[in-house]
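Chain naming here is simple, since letters A, B, ... match the order of the sequence lines and numbering starts at 1 in each.
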Amino acid sequence: MLNLAKIIVDVPTMQTNEPYTYRIPEFLSDQLQRGMRVIVPFGNGSRKIQGIVWDIDYAGTFDGQLKDIESVMDLSPVLNSELLSMSKWMANKTFSFQISCILTMLPGVMHAKYQKQLKLLDSSIDNEDVKKLFYKSKIIDFNPEELENDILKNIIKLKRNNKIEIKYNVKNKAHAKKILGIQPIIKPSDVETIFKDVRKNAVNQQKLLTYIKDNPQEIIAQRYLCNKYNISESTIKTAIKKKWLIQTQIEEYRNPYKQKVERNYPLKLNNEQQSAVNKINDPIINSLDKVFLLEGVTGSGKTEVYLQAIQKALSMNKTALMLVPEISLTPQMSRRVKGRFGDRVAMLHSGLSNGERYDEWRRIERGEADVVVGARSAIFAPLNDIGIIIMDEEHDSSYKQDETPRYHTRDVAKWRAKYHKCPVVLGSATPSLESRARATKGLYDLIKLPHRINNKSLPKVNIIDMKNELINNGDEDFSDELLNAINNRISKGEQIVLMLNRRGYSSFIMCRTCGFVLKCPNCDISLTLHMDTKTMKCHYCGHEEQIPYKCPNCNDNKIRYYGTGTQKVQSKLQKLVPNSRIIRMDVDTTRKKGAHERLLQKFGQGKADILLGTQMIAKGLDFPNVTLVGVLNADTSLDLPDFRSSEKTFELLTQVSGRAGRAEKNGLVYIQTFNPDNYAIQLSKNQDYEQFYRTEMHLRHITNYPPYYFTVKITSSDVNESKAASKMFEISKILKAKLSNQTIMLGPSPSSILRIKNKYYYQIILKYKNEPNLHACLEYILQHYQKDAQKGLYVNIDPDPLNFM
DNA sequence: AGCACGCCGACT
DNA sequence: GTCGGCGTGCTC
């Protein structure tokens, strides 16, 4: 049979998580292909939804009544067979629906927009409210959420009596940008004759005719033509009237690159870099899937290694995919890659509008771009013939999606590399323990770059015990040493990076009389004082309220601010070092589009002395004039209740230290802490990753944590605390019964923040080494508890969670 | 997701 | 009896 197709429908439920069979109507039989989006009828009535063609020419086994595919939404497939099979693997791996995986692979504009309309069939309705709704038209948009309850009831009644019909529309948001083009329609040979009839002083028409003679039939953007030949729009209009040319629509890519980039060329590599490139080139040349872990200290020139490996892939007529954490996709980085490979580069990052993203995607899909640079979701770029996949800062937590489907970019990268038989390069100064452990086991090839380029020495790191400082000078934010160093650098005209991993002004306020702490009404978290808006803010749900001047509890006025955030440091620093120019960079100052770039650019141009920010300034910045880095409080990440807190702290301190002394001048780093003897802090002093790795691995080993164990986090959430809790206990019973006793279960227990946005969270952590039954068991749980989702009780499975919080 | 069906209590 | 609330199950 040739007239059937398997469709993955856009209904994310367990029961519909398999292809549905539809008939292919005659008029579509020629054009329908795998991987195209289609519109299909679904359910009773006239409901229509989007679907993806999973298979064609399929001998159906479904024995019910089949329906016809209604229409196709694409001229060519939007998913190739690689991405189609990957979606299936991914759904299985992340315990999510295949349609959810497919949609995360596609640019947002390709997700269908569903719109409902009401059509009046019989105008003799007597309900005044509904009549008013229709006013003068027969068809109106229908948004049940926006309507009052009894109007809605009346509409449903009228629908039952066939006086109103509900129309379902599936809208395609993917539109190519069209601009006005013109095309000459006269023969070049006729131009001479026409030319004679044109008045002598009609200069512009003559110009146009000359153009037509030289470029017969050629379609050109009207705007471009007018500019180039200095012809006005009215001349074109006349030409159309005289039937010299016709107007058409031509497609144009939205251009997100406003600035011109300067061409740059491969740099001379040192021996270490050259040997790294050679090792990576081998599997590119020989089409082998291989994973490299490129462990290079900050400033060791990893980026140049990446670029030259990409060059190799391109020279083999293959494509290249380079992934970077969103935050390090700075204009610096873009310029470097674009400057090297020019128009062959497509960029995918959050700064693009939906349309721009769609256009970059299509350039890749059409083969017009063969180098893709982007953040997490760029791993789904529709490249063919991939020759190399690079993941820079592979330890970065933004590579894991923190909503369903909870995929890790590294896993997808390895899958694609296997498919394309190409190498993956995981690069970092501080690899994740998982990756480093795999390298030790021989699963990955370890390449080390232990030296900075040009044999630049690593910055000198000083650890300052803030317990002493507090006793000596009474300041909990600035030690004398750091302050002196700041003054010294400013007087020399050098720049400073200061990190404080806490935004806002003060982290909480407390009444000194009764001990009351102002908390968020929706979350179990204290409110942070923000001075810019003069409000108390919740960093989890965004709740804002007035700053109380009296204690809401005991009415006393002894309210005090505790804990320092970036805002407070900024104003304090301004007083301590009055002539300094400070740029503050945190979520609050970078919320607007492009703000991130603007601030960095300003700092790079030397228009400020101090860059003060949260962890977002720790990565990838390369400013030659920065000679001093200060970490104001190294303990914030250390205090997190999570098994990865040491790893996070070491990583952050190493990364931020690496910002100092990257050019000729030597770098100096001060790390302020209340735990000066902590190993994560001590070892970051010499960027001693290997020693940190050994110490941390030992701890993970004796405490049974990853990478010695695999983990899964199961979370339940509900507005009712006891419902969330009891569901988790029920699940724990099932798990206990079904899993082997080698698997360790932590919990059920309340999540470390019990309540967020008025929902309570309970969780179970499973730690296991080998549990063949686990997958089926978790699938069973999902299936079993899906019906609760309608009542607002959600059960979530997070495989290999990045944290246990 | 969105819809219908069917069971139950409350009401004309 | 009938209306409408909600729990349940199905959609090729």
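Residue contacts shown for A/Q65 are limited to sugar-phosphate atoms, with no base heavy atom under 4.0 Å away.
Between the CD atom of A/Q783 and the P atom of C/dG9 there is a distance of 13 Å, rounded to whole Å. The nearest whole Å value for the distance from the CD atom in A/E18 to the C1' atom in C/dC12 is 10 Å. Going from atom CG of A/L66 over to atom P of C/dT11 covers 12 Å, rounded to whole Å. What separates CG of A/L152 from C1' of C/dG5 is a distance of 15 Å, to the nearest Å. Nucleotide B/dA1 holds its C1' atom 5 Å from the CZ atom of A/R47, rounded to whole Å. One can place OH of A/Y22 at 5 Å from P of C/dC12, the figure rounded to the nearest angstrom. Atom CD of A/Q15 and atom C1' of C/dT8 are 11 Å apart (whole Å). Between the CE atom of A/M14 and the P atom of C/dT8 there is a distance of 19 Å, rounded to whole Å.
Taking the six-membered ring where the residue is Trp, A/F380 and A/Y407 present perpendicular rings, their angle passing 60° and hence far from 30°.
Applying the side-chain hydrogen bond (donor to acceptor under 3.5 Å, both in side chains) test to every pair with at least one member in residues 66-80 of chain A, sequence neighbours left out, gives these pairs: A/R23-A/D68, A/R37-A/D74.
Listed by residue number, the members of residues 35-43 of chain A with any heavy atom below 4.0 angstrom from DNA chain C are A/P41, A/F42, A/G43.
Proximity note for A/F62 (side chain, C-beta onward) versus C/dC12, C/dT11, B/dA4: the nearest is C/dC12. For A/K159, the side-chain atoms get nearest to B/dA4 when compared with the rest of B/dG2, C/dC12, B/dA4.
Between A/R755 and A/D524 a salt bridge is recorded (basic side-chain N to carboxylate O distance below 4.0 Å). By the 4.0 Å N-to-carboxylate-O rule, A/E165 lies too far from A/K116 to be salt-bridged with it. In summary, A/D588 and A/R503 engage in a salt bridge, as defined by a charged side-chain N under 4.0 Å from a carboxylate O.
Residue order along DNA chain B, read from the 5' end via each residue's closest nucleotide, puts A/V11 first among A/N44 and A/V11.
For A/S432, the side chain to side chain donor-acceptor pair (under 3.5 Å) partners are A/E394, A/R410, A/S435, not counting sequence neighbours.
Each of A/K177, A/R362, A/K178 was scored for a side chain to side chain donor-acceptor pair (under 3.5 Å) with A/E251, with one residue passing: A/R362.
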